[in-house]
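Chain letters run A, B, ... following the sequence lines, proteins first and then strands; every chain starts at 1. Every value quoted in this text rests on a predicted model; they were computed, and no experiment measured them.
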Amino acid sequence: MPLALKIYNTLSRQLETLEPKEPGKLGVYCCGPTVYDVPHAGHARSAVAFDVFVRHVRQSGVDVNYVRNITDVEDKILNRAKESCEEPLALSQRMTVVYQDDMAAIGCEAPNQQPKVSDHLPQIYEMIERLIANDAAYVLDRDDGKRDVYFAVRKFKTYGGLSRRKIDDLRSGARVEADQAKRDPLDFALWKGTTLEDWGWESPWGPGRPGWHIECSAMSCCYLGHDFDVHAGGMDLIFPHHENEIAQSEASTDGDRPMARYWMHNGFVNIDKEKMSKSLGNFVTVRDVLARNDPEGFRWFLLTVHYRGPLQFDSEKLDDGRVVFPGVDEAEGRVDYLYSVQSRLAELVALGGDAPKKEPPEIVRARQGSATALKNAIAALNDDLNTAVCLAELGELAKLGNDLCDLAKKRRKDAAFCGAASMQAATTQAAISEICGHIGLMWTPHDEFKQRSQAKRLALRGLQSSDMDAKVAARNQARADKDFARSDEIRDELAALGVSLKDAPEGTVWSIEV
RNA sequence: GGUGAGGUAGCCAAAUGGUUAGGCAACGGUUUGCAAAACCGUUAUACGCCGGUUCGAAUCCGGUCCUCACCUCCA
């Protein structure tokens, strides 16, 4: 059965039905980070976008082989390591762990393979040698005795196909290269000669380090072969990185098959309408966000915008000095809501009961509404991963579920109604879980989520859970004494701290806002 | 200069020719000792500007203004 999923293919600039080369299996290569610093919101967005893609495809019954590389050999790593007097590979190893931890924290499943450059030098040598043999690359002896290898861009006739750039346009815009020895300013390095002392590996061309692009060509080929299914990454990689990868990979074979058949690119995270990036210094790290917000709230926030569009990430400084992320706060509120609905539904399901002979009209509406919302949510994902619509449908489902719980509560003496409501609650609950399976949300038991998010919010305000319980007890005493002035006073006091109270028949529950 | 993305109600954000996107905020209602939460309703016939096509355009076409990104490292 063909997949219903359509994705936007940068190669064709069109929406295309995803058709794996081998039915039932999909090979995906995603460009991961250069690990010289902790990941920021942009890395998170990319990881989450493709995590949703992979999850959704897997839920559709396809076996996905998901490969995401770690660039652990690169000039920026070397420079940073020099500053901190650290071994470059020690630094990249440390940052790799941070990256993997942070991505796991926001619900991204670990890829099947996370290859590192430092483990794939032989594959890189092999590909460079093939390129030289195919006359697509040339060795250059430098004046200082070192040897570089360059890719000859003009020999690759379809160069610029992905980014729709013409070689001659590039040439006029290209900055003057410091290295005059290159045959053409557009040629890029496959191998950069260095000394072993200055971080390098012994290669067929002497000591040095690989160029930035060759690793992805070599490693994608190593794990997925030539002509694999999907290549993914950030939009900023389209040129020159992905363009160069295509040139290398395709020039290294004799055939005319493409390196990958679908190219997916996620949009940027912007701050003050400008791209968040290390070089601009306007980045917010994943850790900054998680110090304040719940990881599932952050993930929800990242999913509120279509993955190819820009994502506005605003921060605001409050009067008390705290820096907040209003969009993430709002998203966290939605996650909160969804969890509480799932919890209420679970209670209603646990009530059980028999189905009545005739289904009450309210239940019929709930059943139909749930079925429609579920269908729409999956259809939205199939339409180029429209997570914004998917979340809206999820919200609709939650609203229906909540309404159902309210109804069952109001009519708790009507056994037939409650039996029907309980059965419908199970269906709605399952629908919510199903959608969450596609987008990777709601992975925590409700109690744990509540505990986790409240503990963080209390800590940010320097409050203690036991203080809250004491206040609630004091207020309950005042209420029992009908001293409403005193009880309201306590409530106002708590409200000023961001803590709200809910008086229910089962007792008073407090909750703290983000 | 070349290439691309985008401008949608107070804010965030979908939909791509006709039928409510959704969320947040604000206000009103149901509920409550009063609240909170929840649900319902209102704000909201919104789509940068000017033309054109059409019975009908936020959606298609032409023009124009503005913002952002890539062409140097970037998710």
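- Rounded to whole Å, the P atom of B:rA14 lies 15 Å from the corresponding atom of B:rA21.
- Rounded to whole Å, the distance from CD on A:Gln14 to C1' on B:rU16 is 15 Å.
- Note on A:Lys399: a side-chain N or O is less than 4.0 Å away from OP1 or OP2 of B:rC40.
- By the neighbour-count criterion of 12 heavy atoms within 6.0 Å, atom NZ of A:Lys471 is sparsely surrounded, having that number or fewer from other residues, nucleotides or ligands.
- Between B:rA38, B:rG33, B:rC24, one nucleotide has an atom nearer to the side chain of A:Asn402 than all others, and that is B:rA38.
- Taking atom CG of A:Asn282 as the reference point, atom C1' of B:rA75 lies 13 Å away to the nearest angstrom.
- Which of B:rA75, B:rG22, B:rA13 sits closest to the side chain of A:Ala392 comes down to B:rG22.
- Going from the P atom of B:rU42 to that of B:rC24 covers 16 Å, rounded to whole Å.
- In terms of phosphate contacts, A:Lys275 brings a side-chain nitrogen or oxygen within less than 4.0 Å of OP1 or OP2 of B:rC70.
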Problem - Strand RNA chain B as a dot-bracket string - pairs counted if Watson-Crick or G-U with both distances under 3.5 Å, | where the partner lies in another strand - result: (((((((..(((.....[...))).(((((.......))))).....(((((..]....))))))))))))....

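- To the nearest whole angstrom, the two P atoms, one in B:rU32 and one in B:rA13, are 39 Å apart.
- Atom CG in A:Asp383 sits about 7 Å away from atom P in B:rA15, given to the nearest Å.
- Side-chain contact, A:Asn382 with A:His56: a donor N or O sits under 3.5 Å from an acceptor N or O.
- Counting only heavy atoms from C-beta on, A:His40 has its side chain closest to B:rA75 among B:rG33, B:rA14, B:rA75.
- Side-chain proximity of A:His306 to B:rA14, B:rA69, B:rC34: nearest is B:rA14.
- Stacking of the aromatic ring of A:Phe268 onto the base of B:rA75 is not found under the criterion of centres within 5.5 Å and planes under 30°.
- Checked against B:rA36, B:rG33, B:rC39, the side chain of A:Lys502 finds its nearest nucleotide in B:rA36.
- Taking atom OH of residue A:Tyr159 and atom C1' of nucleotide B:rC71, one finds them 10 Å apart after rounding to whole Å.
- Contact annotation: the side chain of A:Leu348 approaches that of A:Leu404 to within less than 4.5 Å [non-hydrogen atoms, C-beta and beyond].
- In this structure, of B:rA38, B:rA75, B:rG33, it is B:rA75 that holds the atom nearest to the side chain of A:Asn266.
- Residues A:His242 and A:His265 have side chains that bring a donor and an acceptor to within less than 3.5 angstrom of each other.
- Across the C1' atoms, B:rU8 and B:rU45 are found 13 Å apart, a figure rounded to whole Å.
- Among B:rC24, B:rA75, B:rU3, the nucleotide with an atom closest to any side-chain atom of A:Arg165 is B:rU3.
- Contact check, A:Arg334 against B:rC24: a side-chain N or O comes under 4.0 Å of OP1 or OP2.
- Under a cutoff of 6.0 Å and an axis angle of 45°, A:Lys278 and A:Tyr36 form a cation-pi pair.
- Taking atom P on both B:rU53 and B:rG22, the two are 34 Å apart, rounded to the nearest angstrom.
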Practice task
Take A:Tyr99 and A:Val38, measure what side-chain contact (heavy atoms from CB on, under 4.5 Å) needs, and give me the verdict at the end.
Solution key: CA-CA 7 Å; A:Tyr99 178 77; A:Val38 299; over 6 Å; no

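- Which of B:rA13, B:rC40, B:rC34 sits closest to the side chain of A:Ala388 comes down to B:rA13.
- For the C1' atoms, the distance linking B:rG48 with B:rC40 amounts to 35 Å, nearest Å.
- Looking at the side chain of A:Val269, the nearest of the listed nucleotides B:rC68, B:rG33, B:rA75 is B:rA75.
- Checking A:Ser453 against A:Asp336 by side-chain atom types alone, no donor-acceptor pair falls below 3.5 Å.
- Figure legend: A:Arg154 and A:Tyr159 shown without cation-pi pairing, the cationic atom not lying both under 6.0 angstrom from the six-membered ring centre and within 45 degrees of its axis.
- Annotation: of the two residues near RNA chain B, A:Tyr337 and A:Tyr307, the 5′-most nearest-nucleotide partner is A:Tyr307.
- B:rU67 sits 23 Å from B:rU72 when the C1' atoms are compared, rounded to a whole Å.
- Separation of the P atoms belonging to B:rG23 and B:rG33 is 29 Å when rounded to the nearest angstrom.
- With hydrogens and angles ignored, a donor-acceptor pair under 3.5 angstrom links the side chain of A:Asp503 to the base of B:rC34.
- Rounded to whole Å, the distance from CG on A:Leu407 to C1' on B:rU30 is 13 Å.
- With distances taken from any side-chain atom of A:Ser487 to the nucleotides B:rA13, B:rG23, B:rG33, the minimum falls on B:rG33.
- Aromatic pair A:Phe188/A:His213: centroids less than 6.0 angstrom apart.
- Judged by closest nucleotide on RNA chain B, A:Arg13 is the one of A:Asn386 and A:Arg13 placed further toward the 5' end.
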Practice task
May I have the step-by-step check of side-chain hydrogen bond (donor to acceptor under 3.5 Å, both in side chains) for A:Tyr8 and A:Glu16, ending in yes or no?
Solution key: CA-CA 6 Å; A:Tyr8 181 85; A:Glu16 293 178 12; over 6 Å; no

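- For B:rA75, its base never sits under 3.5 Å from the side chain of A:Arg45 at any donor and acceptor pair.
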